Amino acid sequence: MPILGAAVPYPIFLFHVRQGRYSHAFGWVLLWAVFQSIAVAGATAIAPERAAEVVLSGTTYTEEMFHWIETGEGAEGSPRLFLPIHLRHYIAFCVLSLITFGSAALLLGTWLLNYMNFYVAQLITISANPWLAAAIAWPPWSLLRVMGYISTGIALTTLGLHGIAKIRGKIPRHPFPKTYLLLGIGLVVADAIVKAFLAPFWQQLLLQNFGVTY
């Protein structure tokens with residue numbers, strides 16, 4: 001499932017990066033992420049048992065999140081626990097962006113996106129107010145992380161392509177998008193900071209408004 005999901009945006013993403021159309025690449029992947037999220041969440045709501053089989057880590061992540069909502073315990077609300085996880089994911093994403101020209105990094109991002117949306121669909125399904133649940137199921141720090149990953153992926157994919165061009169004795173046609181790398185790092189750092197401060201509030205908001213049980 002992650003392979004099929006990542007295969008949709010990658011050719012156009014790579015085309016825009018190779019042409020130096022970095023803003024187009026960013027907008028395209030962000031648009032894909034929105035529709036991929038809607039598709040996975042919708043499929044999970046329609047066929048939850050089948051989705052549980054094909055969405056990698058979906059059930060595990062959902063159980064962890066529901067436990068956090070009910071008790072406040074777990075990695076989601078603890079910087080000591082979630083920072084190492086975030087760091088591992090981000091380092092892996094950076095390395096894959098550089099050495100696979102974004103392809104394997106997009107695969108990793110699709111996996112993360114899919115199990116997040118599996119959880120979102122499950123949360124909406126059991127909530128007393130599904131519309132409100134849909135509005136806040138995706139916390140603001142996760143949105144920052146998605147945009148940070150996209151920006152980083154654009155910059156490091158370009159760097160990888162520049163490396164290949166230099167090995168072949170060619171001069172890269174377009175400048176390295178340093179701004180996108182800085183933006184990506186900044187957004188990922190902002191994600192961690194916002195999460196550290198807002199996660200306890202968000203947990204109470206979910207718990208009080210929806211009375212989540214599992």
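Throughout, numbering of the chain's residues begins at 1 and tracks the sequence. Quick caveat: nothing in here was measured; it's all calculated off a predicted structure.
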(request) Please examine the side chains of Gln203 and Glu70, heavy atoms only from C-beta on, and report whether any two atoms are closer than 4.5 Å. (result) no
(request) Determine whether Leu31 and Leu113 fall in the same hydrophobic cluster, where Ile, Leu, Val, Met, Phe, Trp and Tyr are linked whenever their side-chain heavy atoms lie under 4.5 Å apart. (result) no
(request) Group every Ile, Leu, Val, Met, Phe, Trp and Tyr by side-chain heavy-atom contacts under 4.5 Å, then state whether Ile136 and Phe197 land in the same group. (result) yes
(request) Give, for atom OG1 of Thr62 and atom CD of Glu64, the distance between the pair rounded to the nearest 0.5 Å. (result) 9.0 Å
(request) Check side-chain contact (heavy atoms from CB on, under 4.5 Å) between Leu83 and all other residues, then give those that pass, not counting sequence neighbours. (result) Pro79, Ala192
(request) Check Pro175 against His162 and note the closest heavy-atom contact, atom names and distance. (result) C-CE1, 3.8 Å
(message) Are Phe13 and Phe15 linked, directly or through intermediate hydrophobic residues, by side-chain heavy-atom contacts shorter than 4.5 Å (ILVMFWY only)?
(response) no
(message) For the residue pair Asn114 / Gln36, report whether a side-chain donor-acceptor contact shorter than 3.5 Å exists.
(response) yes
(request) Please answer whether the main-chain N or O of Leu143 pairs with a side-chain N or O of Trp138 as donor and acceptor at a distance below 3.5 Å. (result) no
(message) For Tyr115 and Tyr61, take the angle between the two ring planes, folded into 0 to 90°, and tell me which bin it lands in: parallel under 30, tilted 30 to 60, perpendicular over 60.
(response) tilted
(message) Using a 6.0 Å cut-off, check whether atom CZ of Phe176 has over 12 heavy atoms from anything other than its own residue.
(response) yes
(request) Looking only at non-hydrogen atoms, find the nearest pair between Val17 and Ala25 and report the distance. (result) CG2-CB, 3.9 Å
(message) Using the rule that Ile, Leu, Val, Met, Phe, Trp and Tyr join whenever any side-chain heavy atoms are under 4.5 Å apart, tell me whether Leu156 and Leu30 fall into a single cluster.
(response) yes
(message) When you measure from the side chain of Ser127 to the backbone of Asn129, do you find a donor-acceptor pair of N or O atoms at a distance under 3.5 Å?
(response) no
(message) Would you compute the distance between atom CG of Leu123 and atom CD1 of Ile69 and round it to the nearest 0.5 angstrom?
(response) 5.0 Å
(message) Given 3.5 Å as the limit, does a donor-acceptor pair link the side chain of Ser78 with the main chain of Gly74, or not?
(response) no
(message) Could you check whether any side-chain heavy atom of Ile154 comes within less than 4.5 Å of a side-chain heavy atom of Val29, counting everything from C-beta outward?
(response) no
(request) Please test Ile126 against Phe66 for side-chain contact (heavy atoms from CB on, under 4.5 Å), starting from the C-alpha separation and ending with a verdict. (result) CA-CA 11 Å; Ile126 66 172; Phe66 282 5; 3.6 Å; yes
(message) Give me the atom names and distance for the closest heavy-atom approach of Ala137 to Val120.
(response) CB-CG1, 3.7 Å
(request) Under the side-chain contact (heavy atoms from CB on, under 4.5 Å) rule, what do Met1 and Val40 come out as? Steps first, then yes or no, please. (result) CA-CA 10 Å; Met1 190 171 180; Val40 172; 3.9 Å; yes
(message) Could you check whether any side-chain heavy atom of Trp141 comes within less than 4.5 Å of a side-chain heavy atom of Glu76, counting everything from C-beta outward?
(response) yes
(message) Testing the basics here: between Ala105 and Leu96, what is the closest heavy-atom pair and its distance to 0.1 Å?
(response) N-CB, 3.6 Å
(message) Consider side-chain contact (heavy atoms from CB on, under 4.5 Å). Of Val188, Thr152, Ile185, Leu181, which one does Cys94 pass it with?
(response) Thr152
(request) Write down the atom of Thr157, the atom of Gly153, and the distance for their closest heavy-atom approach. (result) OG1-O, 2.7 Å
(request) Please answer whether the main-chain N or O of Phe26 pairs with a side-chain N or O of His16 as donor and acceptor at a distance below 3.5 Å. (result) no
(message) So, taking the atom named CG in Leu206 and the one named CE in Met65, what distance separates them when rounded to the nearest 0.5 Å?
(response) 7.5 Å
(request) For Leu182, enumerate each residue passing the side-chain contact (heavy atoms from CB on, under 4.5 Å) test, keeping only those at least two apart in sequence or located in another chain. (result) Lys178
(message) Contact between His24 and Gln19 at the side-chain level, heavy atoms closer than 4.5 Å - yes or no?
(response) no
(request) Would you check, one step at a time, whether the test side-chain contact (heavy atoms from CB on, under 4.5 Å) holds for Leu106 with Trp32? (result) CA-CA 11 Å; Leu106 191 55; Trp32 163 80; 4.1 Å; yes
(message) I'd like to check Asn117 versus Thr44 (side-chain heavy atoms, cut-off strictly below 4.5 Å). Are they in contact?
(response) no
(message) How long is the straight-line distance from CG of Leu144 back to CD1 of Ile193, given to the nearest 0.5 Å?
(response) 10.0 Å
(request) Determine, using the 4.5 Å side-chain heavy-atom cutoff (strictly less than), whether Phe201 and Trp68 are members of one ILVMFWY cluster. (result) yes
(request) Say whether, by atom type as modelled, one donor and one acceptor occur between the side chain of Tyr180 and the main chain of Ser23 under 3.5 angstrom. (result) yes
(request) For residues 136-155, pull every pair meeting salt bridge (Lys or Arg N to Asp or Glu O under 4.0 Å), keeping only residues two or more places apart or in separate chains. (result) Arg145-Asp191
(message) Do Pro48 and Thr125 have side chains that approach each other closer than 4.5 Å (heavy atoms only, starting at C-beta)?
(response) no
(request) Could you grab the distance from atom NZ of Lys195 to atom OG of Ser142, nearest 0.5 Å is fine? (result) 6.5 Å
(request) Could you tell me whether the side chain of His86 reaches within less than 4.5 Å of the side chain of His89, counting heavy atoms only? (result) no
(request) Report yes if the side chains of Thr179 and Tyr22 come closer than 4.5 Å at any heavy-atom pair, otherwise no. (result) no
(message) Quick one about Ser97 and Tyr149 (side-chain donor to acceptor, distance below 3.5 Å, no hydrogens or angles considered), yes or no?
(response) no
(message) Show, in sequence, the C-alpha distance, side-chain angles and deciding distance for Leu81 and Ile85, and conclude whether the side-chain contact (heavy atoms from CB on, under 4.5 Å) test is met.
(response) CA-CA 7 Å; Leu81 296 176; Ile85 298 172; 5.7 Å; no
(request) Measure the spacing between CD1 of Ile99 and CG of Leu159 and express it to the nearest 0.5 Å. (result) 12.5 Å
(message) If I compare all heavy atoms of Ala199 with all of Gly77, which pair ends up nearest, and what's the gap?
(response) CB-CA, 4.0 Å
